[in-house]
Amino acid sequence: MLPQMIRAVLLDLSGVVYDGETPIPGAVAAIGRLRAEGLPIRFVSNTTRSPHRAIVAQLAGLGVSVSSDELFTPARAAVEWLAREGCAPHLLAHPDLVPEFAGNMFGDRKVVVVGDAAEAFTYAAMNAAFRQLIDGAEFLALAVNRTFKDADGGLSLDAGAFVAALEFAAGKQATVLGKPARDFFHAALAGLDCIPGQAVMVGDDAESDVAGALKAGIGSALLVRTGKYRAGDESRHAPHPSAVVDDLAAAVDWILARRG
C-alpha cells in the first residue's frame, strides 16, 4: 500500500547518486527538485570505507550540499552504540574508516566491529576478530551487503560474506547496524514530521535498500536500474519494490506524482 502522503525521502548514495567519483546523469538535478518541493531528504549509505566528513565533502564536490545530520552511516550508528553501551571496539574495518572511531573507548567490554575492510580482510585479521568473539566479545556488523559495484564496473564481495564467516566460526550472530536493520531506517527519520509509512526509499540494492526498507515499515521503496542493479533483481528478494525505475531522476518523477 502506498502512503497517503510522502513526507520524506531516503536516498542511497553509491549507485544512486554517484558511481565512484562520477555523478549519475540527472541525479544532482533530481535532488535539487526534491529540495525545491520542500521534501526533507536523508542520505542513508551503507558505505563502510569512508568517514562521515569525507562523504559530505564528496557530495559537496559533486554539487550536492548536505548537512552532517542529513547523512546516516553505519559507522555513526556504531559510535553511538559504543557510547550508549560503554564498550571499546575491536575494529575489522577499512583503514580510512578507523579515524571515525578514534577516542571512542567507552569501557573495558570489547565489541568486534566489522565493516568492509577490503584488502585488510587478511587471515590474521579475521582470526584475531574470531578469537575476540570466542573470548566473549559482542559482535557488530556495520553492514551485511553481499556485493558492491567496484571501480572497474564489476561486482565485488562486500562485508556480508566476511560477517557470515565469523558468525559461522564463532557461533555468534552479529547485530547489524546499517541497512537492512529496521532501527537504521527509523533513526534516519528521527526529528522529521514523518512516520515510516510516509517515507519513500530509493536504492540500487533490492535486498538491503528495498526489501529492508519495506520490512522496516517504510511506505514505499523504489529500485533504480543503476549502480549494482542487475536484470531480475526486483524478483529476487521480498517484499518486492513498489516500482522499478531507470534512475534517480525517474524516481523523483514517481515520488512527486504521488506526493499527494
Side-chain angles (χ1 to χ4, degrees), residues 12-16 19-20 44-51 55 72-78 81 89-98 100-101 110-135 137-185 203-213 215-216 223-224 226-239:
D12 184 32
L13 288 175
S14 180
V16 175
D19 267 328
V44 286
S45 174
N46 258 13
T47 183
T48 59
R49 290 194 178 188
S50 300
I55 300 170
F72 288 80
T73 66
R76 181 61 59 90
W81 191 99
H90 173 96
L91 293 176
L92 180 50
H94 195 279
D96 289 347
L97 195 68
V98 171
E100 194 92 327
F101 292 85
K110 278 296 183 73
V111 181
V112 172
V113 180
V114 180
D116 176 13
E119 286 75 14
F121 275 131
T122 63
Y123 176 81
M126 288 284 286
N127 200 46
F130 164 72
R131 289 181 174 181
Q132 289 283 344
L133 291 172
I134 62 173
D135 283 345
E138 296 185 61
F139 192 5
L140 297 181
L142 297 183
V144 288
N145 295 68
R146 300 173 191 271
T147 62
F148 68 96
K149 186 178 179 181
D150 217 328
D152 62 2
L155 293 183
S156 290
L157 281 175
D158 212 330
F162 300 94
V163 172
L166 287 169
E167 287 180 329
F168 173 77
K172 184 175 289 189
Q173 190 81 22
T175 296
V176 181
L177 296 182
K179 296 174 290 184
R182 174 182 178 276
D183 288 349
F184 185 78
F185 291 104
D204 66 331
D205 187 318
E207 185 175 17
S208 291
D209 293 337
V210 173
K215 288 178 182 177
L223 180 64
V224 294
T226 53
K228 70 166 66 173
Y229 172 84
R230 295 294 183 270
D233 280 355
E234 56 267 37
S235 301
R236 294 191 175 103
H237 303 284

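Because only heavy atoms are used, hydrogens play no part in the values below, and waters and symmetry mates are left out as well, while side chains stay in.
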Are [X] and [Y] within salt-bridge range, i.e. N to O under 4.0 Å?
{"X": "D12", "Y": "K179", "answer": "yes"}
{"X": "R230", "Y": "D233", "answer": "no"}
{"X": "D116", "Y": "R49", "answer": "yes"}

Partners meeting side-chain contact (heavy atoms from CB on, under 4.5 Å) with P239 (sequence neighbours left out):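 In terms of side-chain contact (heavy atoms from CB on, under 4.5 Å), with neighbours along the sequence ignored, P239 is linked to A211, L214, K215.
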[atom2] on [Y] to [atom1] on [X], rounded to 0.5 Å:
{"X": "L177", "Y": "T48", "atom1": "CG", "atom2": "OG1", "result": "11.5 Å"}
{"X": "E119", "Y": "H94", "atom1": "CD", "atom2": "NE2", "result": "6.5 Å"}
{"X": "Q132", "Y": "H90", "atom1": "CD", "atom2": "NE2", "result": "5.0 Å"}
{"X": "L140", "Y": "W81", "atom1": "CG", "atom2": "CH2", "result": "4.5 Å"}

Backbone of [Y] reached by a side-chain donor or acceptor of [X] within 3.5 Å:
{"X": "K228", "Y": "T147", "result": "yes"}
{"X": "D152", "Y": "G154", "result": "yes"}
{"X": "N127", "Y": "A124", "result": "no"}
{"X": "T226", "Y": "G15", "result": "yes"}
{"X": "K172", "Y": "L133", "result": "yes"}
{"X": "E207", "Y": "N145", "result": "no"}

Search all heavy atoms of [X] against all heavy atoms of [Y] and return the closest pair with its distance.
{"X": "F139", "Y": "V114", "answer": "CE1-CG2, 3.6 Å"}
{"X": "P51", "Y": "E100", "answer": "CB-OE1, 3.3 Å"}
{"X": "P74", "Y": "N46", "answer": "CG-OD1, 3.7 Å"}
{"X": "V113", "Y": "P89", "answer": "CG2-CB, 3.9 Å"}
{"X": "A216", "Y": "F185", "answer": "CB-CD1, 3.8 Å"}
{"X": "A159", "Y": "A143", "answer": "CB-O, 3.9 Å"}

Identified side chain to side chain contact (heavy atoms under 4.5 Å, CB included) partner of F148 from the options D205, L157, D158, L155: D158
Criterion side chain to side chain contact (heavy atoms under 4.5 Å, CB included) against L97, the qualifying member of L142, L91, T47: L142
Working for side chain to side chain contact (heavy atoms under 4.5 Å, CB included), residues K149 and Y229: CA-CA 9 Å; K149 186 178 179 181; Y229 172 84; over 6 Å; no
Ring geometry between F72 and F184 (parallel below 30°, tilted from 30 to 60°, perpendicular above 60°): perpendicular
What I'd like to find out is whether the side chain of [X] reaches to under 4.5 Å of the side chain of [Y], using heavy atoms alone.
{"X": "T175", "Y": "E138", "value": "no"}
{"X": "D204", "Y": "D209", "value": "yes"}
{"X": "L92", "Y": "M126", "value": "yes"}

Side chain to side chain contact (heavy atoms under 4.5 Å, CB included) evaluation trace for V210 with H237: CA-CA 9 Å; V210 173; H237 303 284; over 6 Å; no
